[in-house]
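Here is the structure we will look at.
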Amino acid sequence: MDEQPDCHLIGTYTRYSSWTARVETVLEYFQIPYTSQMIPLHDARTVSPTGLVPVVRSRSLGNIHIGDSLAICEFLAESNPSLPLWPRDPQLRALARSAAAQMHSGFSALRNNYGTNFIAQYTGNIPVSEEAKKEVRRALAIWDDARKATKDRLAQLNEKDEGFLFGGFSIADAFFWPVLWRIRTYNLPLDHGSPDALRWMETMWNDPSLRKLVHSYYLQAENPESRIEHYDDIFRGRDDIQFGTFPEDWTFHAPKSA
């Protein structure tokens, strides 16, 4: 009889949950065997010691529960040393860890005011605070700096650049993946995006593994139990903002001014 995978992910529905989505993206992209249990957010306390998700239960470590998306991804990297969850090169690995940590601990304006909802589309007079604009510019700067440093470093090493933040896909890309959702969902401004940053966005949106995840979000939306009403039509009551759904075949086009 086949053994169960070591990793069991407990989270909430990933089309709404950037936290769970980060972990799921790493697991799926690197094809790490796992089982999963997706639950309504209000039920998290029944399955998680902290009342928060995601958590990963490791069978090889005595079914301990590992909480926090960054800690979980570090655990996955340590448990799968043959896979490049972080860049192999020490310099790029340090930069990738720095980028992921900045995402993990910052960007409170985007987190608090622009909840993740992958399939949602808002049009009209969407309010964008100066703090939110500042954080989008900060993300664009992180992506630009990452790509410039990566291109230089990989050229020195004579290694292939796959177009992700630090060459090949890594935990850092997974952590910024839900930021791309927010930018798309709320049509946040990209006028400060450099060509390098925008090309990274295009690489992410067009990647086959991520397109497979996109399909899973739309399948998830067909299940009424997955709906979190709080994150749908958050500007309800405002006639100047329209709420809709992105078609699954949507593609990213960089602003021409970039």
Side-chain angles (χ1 to χ4, degrees), residues 11-22 24-25 28 38-42 53 103 107-140 143 173-193 197-258:
T12 195
Y13 298 105
T14 46
R15 67 188 172 101
Y16 293 111
S17 174
S18 61
W19 297 337
T20 304
R22 297 171 187 172
E24 181 189 60
T25 301
E28 289 289 334
M38 295 296 156
I39 59 172
L41 189 60
H42 57 76
V53 290
M103 176 65 247
F107 298 90
S108 58
L110 291 179
R111 294 175 192 275
N112 295 333
N113 299 298
Y114 304 94
T116 48
N117 184 342
F118 184 86
I119 68 174
Q121 179 182 29
Y122 293 94
T123 56
N125 189 29
I126 301 165
V128 183
S129 68
E130 286 303 315
E131 188 61 28
K133 292 177 183 177
K134 180 180 177 181
E135 290 186 357
V136 171
R137 291 195 295 270
R138 179 186 174 196
L140 290 166
W143 304 338
D173 298 282
F175 268 61
F176 280 107
W177 172 228
V179 178
L180 299 188
W181 311 1
R182 285 179 163 99
I183 288 173
R184 182 180 84 151
T185 294
Y186 301 99
N187 194 28
L188 299 178
L190 292 173
D191 46 304
H192 287 81
L198 295 170
R199 275 194 293 269
W200 169 75
M201 293 177 67
E202 187 173 0
T203 296
M204 291 287 287
W205 281 116
N206 293 332
D207 181 82
S209 295
L210 295 178
R211 293 295 304 174
K212 184 178 177 181
L213 274 174
V214 166
H215 181 59
S216 75
Y217 303 144
Y218 281 88
L219 289 178
Q220 193 179 96
E222 295 176 4
N223 174 12
E225 293 182 3
S226 75
R227 188 181 178 211
I228 303 177
E229 186 176 358
H230 175 73
Y231 294 113
D232 284 335
D233 197 9
I234 66 171
F235 301 111
R236 60 176 64 88
R238 287 190 55 164
D239 295 336
D240 58 340
I241 300 176
Q242 296 75 48
F243 173 68
T245 301
F246 274 99
E248 187 175 344
D249 62 358
W250 175 92
T251 56
F252 174 73
H253 298 287
K256 292 181 179 180
S257 59

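Numbering of residues begins at 1 and proceeds along the displayed sequence.
- Put simply, OH on Y16 and CD on Q220 are 8.5 Å apart, with the number rounded to the nearest 0.5 Å.
- Of the possible polar contacts, none joining the Y186 side chain to the P127 backbone as a donor-acceptor pair under 3.5 Å is found.
- To the nearest 0.5 angstrom, T251 atom OG1 is 9.0 Å from E202 atom CD.
- Closest approach of A109 to Y114, counting heavy atoms only: O-CD1, 3.8 Å.
- Atom OG of S18 is separated from atom CZ of R182 by 4.5 Å, given to the nearest 0.5 angstrom.
- Taking the ring axis of F252 as reference, the NZ or CZ atom of R184 does not stay both within 45° of it and closer than 6.0 Å to the ring centre.
- Contact record, V53 with I39: CG1-CD1, 4.5 Å, taken as the closest heavy-atom pair.
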Q: Applying side chain to side chain contact (heavy atoms under 4.5 Å, CB included), run through L110 and L188 and close with a yes or a no.
A: CA-CA 10 Å; L110 291 179; L188 299 178; 3.8 Å; yes

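- Of the inter-residue distances, the one linking I183 atom CD1 with L140 atom CG reads 6.0 Å to the nearest 0.5 angstrom.
- Across all non-hydrogen atoms, the minimal contact from Q121 to T245 is OE1-O, 3.9 Å.
- Listed by chain and number, the residues in a side-chain hydrogen bond (donor to acceptor under 3.5 Å, both in side chains) with R22 are S69, H104 (sequence neighbours excluded).
- In this structure, a donor-acceptor pair under 3.5 Å is present between the side chains of T14 and E24.
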Q: List the steps and the verdict of side chain to side chain contact (heavy atoms under 4.5 Å, CB included) for E131 and N113.
A: CA-CA 11 Å; E131 188 61 28; N113 299 298; over 6 Å; no

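- Using cut-offs of 30° and 60° for the angle between ring planes, the F235 and Y122 rings count as perpendicular.
- Among residues two or more places apart in sequence or in another chain, the side-chain hydrogen bond (donor to acceptor under 3.5 Å, both in side chains) test is passed with T123 by Q242.
- Checking D233, T185, D232 one by one against N117, the side-chain hydrogen bond (donor to acceptor under 3.5 Å, both in side chains) holds for a single residue, D232.
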(Q) Before you tell me yes or no, could you show the steps for L210 and M204 under side chain to side chain contact (heavy atoms under 4.5 Å, CB included), namely the whole-Å CA-CA distance, both residues' side-chain angles and the distance that decides it to 0.1 Å? (A) CA-CA 7 Å; L210 295 178; M204 291 287 287; 3.8 Å; yes

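- By the 4.5 Å heavy-atom criterion applied to side chains, P40 and Y13 are counted as neighbours.
- Minimum interatomic distance between L190 and M201 (heavy atoms only, all atoms of both residues): CD1-CE, 3.9 Å.
- Between F176 and W200, the two ring planes are perpendicular [angle over 60°; tilted spans 30° to 60°].
- By the neighbour-count criterion of 12 heavy atoms within 6.0 Å, atom CG of D239 is sparsely surrounded, having that number or fewer from other residues, nucleotides or ligands.
- Taking a 6.0 Å sphere around OH of Y218, one finds it holds more than 12 heavy atoms contributed by other residues, nucleotides or ligands.
- The nearest pair of heavy atoms linking R15 to I119 is NH1-CD1, 3.8 Å.
- For K133, the side-chain contact (heavy atoms from CB on, under 4.5 Å) partners two or more places apart in sequence, or in a different chain, are V128, E130, R137, P189.
- When every heavy atom of L213 is checked against every heavy atom of E28, the shortest pair comes out as CD2-CG, 3.9 Å.
- Put simply, the side chain of W181 does not reach to within 4.5 Å of the side chain of F246, judged on heavy atoms.
- With hydrogens and angles disregarded, a donor-acceptor distance shorter than 3.5 Å links the side chain of E135 to the backbone of S108.
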